[in-house]
There are 4 protein chains.
Amino acid sequence: MVPRTAPDPARRSERSRAAVLAAASELVAEVGFGKLTIEAIAARAGVGKQTIYRWWPSKGAVVFDAFLAASEHDGSLALPDTGDLAADLRTALRPAVDNLADPAFDRTARALTAEIVTDPALHDEYRARLLDPLLEVTRERFRSAREAGQIAPDADLDLAVELLYGPLHYRWLYRLGPLDHAQADRLVEAVLRALNAGSAG
Amino acid sequence: MVPRTAPDPARRSERSRAAVLAAASELVAEVGFGKLTIEAIAARAGVGKQTIYRWWPSKGAVVFDAFLAASEHDGSLALPDTGDLAADLRTALRPAVDNLADPAFDRTARALTAEIVTDPALHDEYRARLLDPLLEVTRERFRSAREAGQIAPDADLDLAVELLYGPLHYRWLYRLGPLDHAQADRLVEAVLRALNAGSAG
Amino acid sequence: MVPRTAPDPARRSERSRAAVLAAASELVAEVGFGKLTIEAIAARAGVGKQTIYRWWPSKGAVVFDAFLAASEHDGSLALPDTGDLAADLRTALRPAVDNLADPAFDRTARALTAEIVTDPALHDEYRARLLDPLLEVTRERFRSAREAGQIAPDADLDLAVELLYGPLHYRWLYRLGPLDHAQADRLVEAVLRALNAGSAG
Amino acid sequence: MVPRTAPDPARRSERSRAAVLAAASELVAEVGFGKLTIEAIAARAGVGKQTIYRWWPSKGAVVFDAFLAASEHDGSLALPDTGDLAADLRTALRPAVDNLADPAFDRTARALTAEIVTDPALHDEYRARLLDPLLEVTRERFRSAREAGQIAPDADLDLAVELLYGPLHYRWLYRLGPLDHAQADRLVEAVLRALNAGSAG
DNA sequence: TAGTAACCGAGACGGTACGTCTCGTCTTTAC
DNA sequence: GTAAAGACGAGACGTACCGTCTCGGTTACTA
């Protein structure tokens, strides 16, 4: 067996790539991730199945790519640094909460989460392209606050971001309660207390 | 299509039920949830496929039932109330952390999480039979601490449990860092600060 | 394994027997033999499946029994002996032709023929209860004609009945041409010529 | 349900087609038609089930095709015209009788007959590809004899072929008596008498 | 500008599993 | 103590997709 030579990205049809991602987006919204099939994507996109298999390793990768294509360049990672930590965190959490509360986003996000949690390759890509950048800017904001003496000088920044996003994610994933701005604000307050905000100021 | 009449549970074969759950447990450990098939479960259990379809609505339901059958009666929900809130929470989190750090448990738990997150019926059953009882005993412990004046009298108990379990779950789900007792202990401290523990004492 | 004891016919429920045969008749007409199932017969008859398996060896046997119950006691075997062989044979063939030309009878008869041709047990029962008696009365009529000098004294009586019924059956089975009285009459003439009728008179 | 579009015969794999027919032939001989399954044919042929369902409408059609593939190009239709009608008919019937008397052929032929009698589509194909050509060459031989003045000038040729093949088929189908050359020869004589052979000479 | 190599749509292929159906047996319930 | 009801192990059904593999037919680089 000669090892399959990698396809030449230079010759890749942009037309097909876009059609596949669009078809995947539509179909995942229509039938859900579980009932989504490569064959249906190919048919909807007017593309041969081989074209999908050539460029994506799995169904999850296609959908994830489609999701990324939509998410990547909205400036959702922008976390301001106005000097007011609480306000900046609220600015970050409130749109996130709005997203999670949107039924369409909820459906897609759940399907992707299920795949990411299960498929190591997708997990890695999710970490690299979405989650780690988000965590990093957040950590950076906490670092800035620590340097400004707004939180404890020995505050664990990793723990800080987990305290911020973890409870929100948990509440969303298991539908434990409403996702709204008030809830987000209360969470921000709790996190700041956990980080001894003010006690050092 | 006439709606299928529900089978009579009184006639259910306990022998078959147990064999199916055992086979499902073994197979999910051997091949993983994704490659698990109903046919393989039936074959391993020495059971007709129809017997599985008669009593469970989906592959996820079978595996979940098998997981429950194993989890339900280990007293994992016991959360002590010694009067020392921090110690009691550490007592609760440490074994949980140990479980999540175990590769075999991790694999099964991820597969089930993926299903629960995606399948509303499984979600409901998970909430009813595992998650809600756990959250309730934890909330109860916080209530006891609040009455004892160990945390702020206006502490939001729902938020409290989410602050406790959310960051841990988040760290586990996305493999954000090591899961060990030290980490659990730091989390407990942060949560207590968030709840103004001691400041009111 | 203890050999199953034969059911005691004395205890047989006439009510169930009749209900099964009626249900089989109706269903074979509604869905055809191929799509007929034991389960459907039992359900329609309001009878347990076991009751059918207890008394009949196969689906074909049930339907055959139902057919027999309807056919056996109509005097279709009556073949007159008026002295006029040609007329008597026409009297025999014409109603047979009418039956075969009836679409409802055709459908059932084809299904049964297919079973009889394939299942030796059914074949034997068909021979014993329907076909052999018919052939015998026909043979007897030819014998009478031979003794009366109306056909050749060395005429082969078995061949005679096959010459009479074979062409008709063949035409019916493969739908080779119309089945009507004129056709039956021409066949009778040909058979009589084959038997040297008249040449000896 | 969108009606399935017909597959493109140009792309059909001759390799698969031949393997399926061979497997069907073998299996029908081994287990009989009734116990033959599409799954077994596919497995034996090393072929996906879908490949069978793609190209054949039913189990009967596969077996029939296998039978045809074996029968079609043996010159069994050759019916000589030596001028001696009786001899030519004997030449035609004797090998037919030999076939029917062969247990292996008998078994397959019964199974196919059962299907043909029951399934209109198979019936049509049988007529078109095997029976009608046979009847036509036979009719043609009778026509030739009629023109030669060997049978009655008003002889009904359709009746003639039915008189020839019908009794034989009847005797075979219901196992009414031995199938041998003597029997075939007697039948030929009877048919010729029925057609007034010689009386016009 | 011709040749050629890769991608492309299309879809048949060998497979696997699906969820359903029916078989014939076995067990339980109720009359 | 019989028979209805129906769960059971078994396994074939016909369908849906999987991922691979030819097929021609465009592209778009190279010679």
Side-chain angles (χ1 to χ4, degrees), chain A residues 4-5 7-13 15-16 19 35-43 45-55 57-59, chain B residues 1 4-5 7-13 15-17 19 35-43 45-55 57-59, chain C residues 4 7-8 11-13 15-16 35-43 45-55 57-59, chain D residues 1 4-5 7-13 15-17 19 35-43 45-55 57-59:
Chain A
R4 170 185 300 280
T5 54
D8 177 357
R11 292 189 175 247
R12 180 166 191 178
S13 159
R15 193 180 185 292
S16 295
K35 297 193 174 179
L36 180 65
T37 66
I38 298 272
E39 302 223 316
I41 297 173
V47 141
K49 286 198 295 175
Q50 198 57 246
T51 299
I52 297 182
Y53 284 109
R54 185 154 30 228
W55 299 109
S58 69
K59 180 179 75 167
Chain B
M1 290 295 170
R4 170 188 300 279
T5 54
D8 177 358
R11 300 204 169 211
R12 182 166 190 178
S13 159
R15 193 181 186 293
S16 296
R17 195 192 130 273
K35 297 193 173 179
L36 179 66
T37 65
I38 298 273
E39 302 221 317
I41 297 173
V47 142
K49 287 199 293 175
Q50 195 57 49
T51 298
I52 298 183
Y53 285 109
R54 180 150 39 224
W55 299 109
S58 69
K59 181 178 73 165
Chain C
R4 170 184 300 279
D8 177 357
R11 292 187 176 263
R12 181 165 191 179
S13 157
R15 192 181 184 291
S16 295
K35 297 195 171 176
L36 179 66
T37 66
I38 297 271
E39 305 222 316
I41 297 174
V47 141
K49 286 199 296 176
Q50 200 56 248
T51 299
I52 297 182
Y53 284 109
R54 186 154 29 229
W55 299 107
S58 70
K59 181 178 73 166
Chain D
M1 292 293 171
R4 170 186 298 280
T5 55
D8 178 357
R11 294 193 175 236
R12 181 166 190 178
S13 159
R15 193 182 186 292
S16 296
R17 195 192 129 273
K35 297 194 172 178
L36 179 65
T37 66
I38 298 273
E39 301 221 319
I41 297 173
V47 142
K49 285 201 294 176
Q50 196 57 50
T51 298
I52 298 183
Y53 285 109
R54 181 148 40 223
W55 299 109
S58 68
K59 183 177 73 166

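Quick note: numbers below take in every heavy atom, side chains included, and nothing from hydrogens, waters or symmetry partners. Here the structure is a predicted model, which means the values were calculated and not measured. Labels below follow one simple rule: chain letters A, B, ... track the order of the sequence lines, proteins then strands, and each chain is numbered from 1.
Between the side chain of C/Lys49 and the base of F/dG6 there is no donor-acceptor pair of N/O atoms closer than 3.5 Å. For a distance-only test at 3.5 Å, the side chain of C/Arg54 fails to qualify as a donor-acceptor partner of the base of F/dA3. Judged by distance alone, with hydrogens and angles left aside, B/Gln50 brings a side-chain donor or acceptor within reach of the base of E/dC21, the pair sitting under 3.5 Å.
When each of F/dA3, E/dG9, E/dG24 is scored by its nearest atom to the side-chain atoms of C/Ile38, the top-ranked nucleotide is E/dG24.
Straight-line distance from the CD1 atom of D/Ile52 to the P atom of E/dG14: 9 Å, rounded to whole Å. Regarding A/Glu39, its CD atom lies at a distance of 14 Å from the C1' atom of E/dA17, rounded to whole Å. E/dG11 atom C1' lies 13 Å from atom OH of A/Tyr53, rounded to whole Å. The distance between atom CD1 of D/Ile41 and atom C1' of E/dG15, rounded to the nearest whole Å, is 17 Å.
Other residues, nucleotides and ligands place no more than 12 heavy atoms under 6.0 Å from the CZ atom of C/Arg15.
You'll find the side chain of B/Arg17 stays beyond 4.5 Å of the side chain of B/Trp55, heavy atoms only.
Scanning both residues, B/Ser16 and B/Thr51, for their nearest heavy atoms gives CB-CG2, 4.2 Å.
Contact annotation: D/Thr51 does not reach the phosphate of E/dA12 (side-chain N/O to OP1 or OP2, under 4.0 Å).
Using modelled atom types, no side-chain atom of B/Lys49 and backbone atom of B/Ile38 make a donor-acceptor pair closer than 3.5 Å.
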